[in-house]
There are 2 protein chains.
Amino acid sequence: MSGYGAVLRHVESELTAGRLGVGQQLPAERRLAEDLGVSRATVREAIRVLQAMGVVRSGVGSGPDAGTTVIADPAGGLGAALRLHLATRRLPMADLVGTRVMIESHSVRAAAAAPDHPDLARAAELLTRMDAPDLDADAFHQLDADFHVALTAAAGNAVNTAIMAALRDAIHRTVLDAVQALPDWSRTAVRLRREHRSILRAVQSGNADLAATRVTRHVEGFHREWVRHST
Amino acid sequence: MSGYGAVLRHVESELTAGRLGVGQQLPAERRLAEDLGVSRATVREAIRVLQAMGVVRSGVGSGPDAGTTVIADPAGGLGAALRLHLATRRLPMADLVGTRVMIESHSVRAAAAAPDHPDLARAAELLTRMDAPDLDADAFHQLDADFHVALTAAAGNAVNTAIMAALRDAIHRTVLDAVQALPDWSRTAVRLRREHRSILRAVQSGNADLAATRVTRHVEGFHREWVRHST
DNA sequence: CAGTCTGGTGTGGTCAGACCACAGAGTCTA
DNA sequence: TAGACTCTGTGGTCTGACCACACCAGACTG
């Protein structure tokens with residue numbers, strides 16, 4: 001058997017065997033094609049897939065940013081997949097939100113057991129930046145999403161963190177559109193800021209149950225508000 | 001801007017707009033290339049990505065299975081991404097297991113509230129098939145994995161179900177290798193069967209806490225056993 | 001007439017070879 | 001010495017071709 005699948009399997013086995021790792025470069029496309037006995041077009045199809053999965057980054061020219069480099073961006077790959085399946089309407093938005101609530105409530109519980117985690121400090125700093133008065137909805141939402149990912153990261157599970165970031169990517173566009181439709185954005189923003197602070201306080205005081213309750217109410221509440229105004 | 005990204009964005013927007021849906025066919029590659037003003041090679045790169053994401057399936061020849069058809073296999077796409085990132089060692093196996101425990105314990109809680117869900121009946125039937133005496137480890141694990149996915153599906157969240165199935169795909173190979181290393185597989189299998197039954201009983205009797213505890217012990221226990229014998 | 005064979009047609013899979021823009025490294029020149 | 005220059009290797013794209021495949025309609029055969 002040959003073809004594009006062979007290239008994928010080859011790269012995956014190189015990764016598994018440790019002969020290829022994050023930061024290293026793949027052979028040039030022409031070289032890889034020759035080594036594996038396939039055409040360059042076939043190699044390119046495989047590399048495109050790796051790129052879409054967030055496993056590899058390609059750059060033209062020469063120098064350190066050129067060539068095809070192994071990276072580790074699981075959120076990018078998962079996010080792209082989720083976004084596409086959201087587009088097919090087989091993954092309901094409500095279920096995405098349900099997954100978010102599950103991960104976040106679980107994560108703040110775990111984070112409450114380690115209130116000194118550096119990601120919590122990062123979360124606090126994000127909240128400070130969200131207080132800037134001249135923030136538009138786009139920038140606000142970006143910081144908002146980063147805050148939630150930071151909360152998740154504080155729990156220390158890389159898979160959950162990647163999935164949260166992926167959910168954020170997948171939902172991003174939709175939330176932005178939804179925010180446009182809200183009757184009084186600035187008032188909502190005030191409420192969100194208050195809720196964020198109260199969640200973080202609960203985590204940092206080590207109160208797992210309270211933190212979980214608050215983050216659940218926060219996420220579900222915003223989702224309900226946004227659904228109500230976007231039909 | 002043009003190129004492969006343009007093809008991806010075009011297909012995604014067709015999906016979003018509803019002009020393209022699950023079961024329908026994409027235009028032929030040559031046709032798509034002409035419509036979008038790019039070469040067929042470029043179109044193919046985009047279609048490969050969609051294929052890897054589980055959004056599309058391609059078949060040669062003619063007839064209903066030929067051409068490029070929109071499907072909905074989120075688990076396939078997510079699973080491929082997880083597997084690759086597992087290979088880069090940036091997603092620790094322990095975290096994958098942690099995510100599994102989170103999803104499954106959450107799901108059995110939800111499923112316990114609706115003990116008549118058809119997926120629970122399916123789960124029960126899978127357990128019956130796992131009692132067959134002449135089952136090898138491979139077939140056993142396949143049914144095992146299906147059982148856990150069915151449990152998750154009974155909670156009714158499509159995203160969680162897809163992630164569970166993806167985790168299963170990503171871990172499959174590793175678990176099979178691990179099972180080979182176990183000192184007494186048949187004895188482990190007996191224990192797993194017993195635990196499966198007890199989990200399902202707890203769910204069907206509506207006891208959410210008990211079901212969650214049992215499934216957590218079950219998954220973590222197997223993981224510990226397998227780590228112990230594979231270093 | 002019923003059954004079988006045989007091209008025709010359109011599909012994805014792969015290949016070979018070419019040209020482009022790009023970015024760094026080295027070289028030449030004023 | 002500072003600037004402009006060519007050289008080289010990278011990914012990005014295009015063109016045109018051939019293949020295997022599977023259906024389908026028509027011709028052929030008994």
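All heavy atoms count here, side chains included; hydrogens, waters and symmetry mates do not. Naming convention: chains lettered A, B, ... in sequence-line order (proteins, then strands); numbering from 1 in each chain.
- Within 3.5 Å, a donor on the side chain of A:R30 pairs with an acceptor on the base of D:dG11, or the reverse.
- Remark: C1' of D:dT10 and CD of A:Q25 are 10 Å apart, rounded to the nearest angstrom.
- Judged by distance alone with a 3.5 Å cut-off, no donor-acceptor contact links the side chain of A:R48 to the base of D:dG11.
- To the nearest angstrom, C1' of C:dT14 lies 15 Å from CZ of A:R44.
- No donor-acceptor contact under 3.5 Å links the side chain of A:R31 to the base of D:dG9.
- Aromatic ring centres of A:H218 and A:H148: separated by under 6.0 Å.
- Along DNA chain C, the nucleotide nearest B:V60 and the nucleotide nearest A:R40 are compared for position; the residue whose nucleotide lies closer to the 5' end is B:V60.
- Contacts of A:A66 with the nucleic acid, taken as non-hydrogen atoms under 4.0 Å apart, are absent.
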query = Yes or no on side-chain hydrogen bond (donor to acceptor under 3.5 Å, both in side chains) for B:T188 and B:E225, after CA distance, side-chain angles and deciding distance?
reply = CA-CA 10 Å; B:T188 300; B:E225 178 174 358; 3.0 Å; yes
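- No more than 12 heavy atoms of other residues, nucleotides or ligands lie within 6.0 Å of CZ in A:R31, so this atom counts as exposed by the packing criterion.
- Summarising the geometry, the separation between CD on B:E45 and C1' on D:dC14 is reported as 11 Å, rounded to the nearest angstrom.
- Listed nucleotides: C:dA23, D:dA22, D:dG12. Nearest to the side chain of A:S62: C:dA23.
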request  = Could you check A:E125 against A:R129 for salt bridge (charged side-chain N to carboxylate O under 4.0 Å, His left out), going step by step and ending with a plain yes or no?
outcome  = CA-CA 6 Å; A:E125 192 242 326; A:R129 284 166 57 191; 3.8 Å; yes
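- Checking the phosphate oxygens (OP1, OP2) of C:dC15, a side-chain nitrogen or oxygen of A:S39 falls inside 4.0 Å.
- For A:V38 and A:G61, each mapped to the nucleotide of DNA chain C holding its nearest heavy atom, the one lying further toward the 5' end belongs to A:V38.
- Taking the charged nitrogens against the carboxylate oxygens, A:D73 and A:R57 have no contact shorter than 4.0 Å, which rules out a salt bridge.
- When rounded to the nearest whole Å, the span between CD1 of A:I47 and C1' of D:dG12 equals 12 Å.
- Distance, B:E29 CD to D:dA17 C1': 15 Å, rounded to whole Å.
- Donor-acceptor pairing under 3.5 Å, judged by distance alone, is absent between the side chain of A:R57 and the base of D:dG11.
- Atom-to-atom, CG of B:L36 to C1' of D:dG12 comes out at 17 Å; the value is rounded to the nearest Å.
- Contact annotation: B:T42 side-chain N/O to D:dC14 OP1/OP2 distance is under 4.0 Å.
- One interatomic measurement links the two molecules: CD of A:E34 to P of D:dT10, which rounds to 12 Å at whole-angstrom precision.
- Rounded to a whole Å, the CG atom of B:L8 is 11 Å from the P atom of D:dT13.
- Between A:S58 and D:dT10 there is no side-chain polar atom (N or O) within less than 4.0 angstrom of OP1 or OP2.
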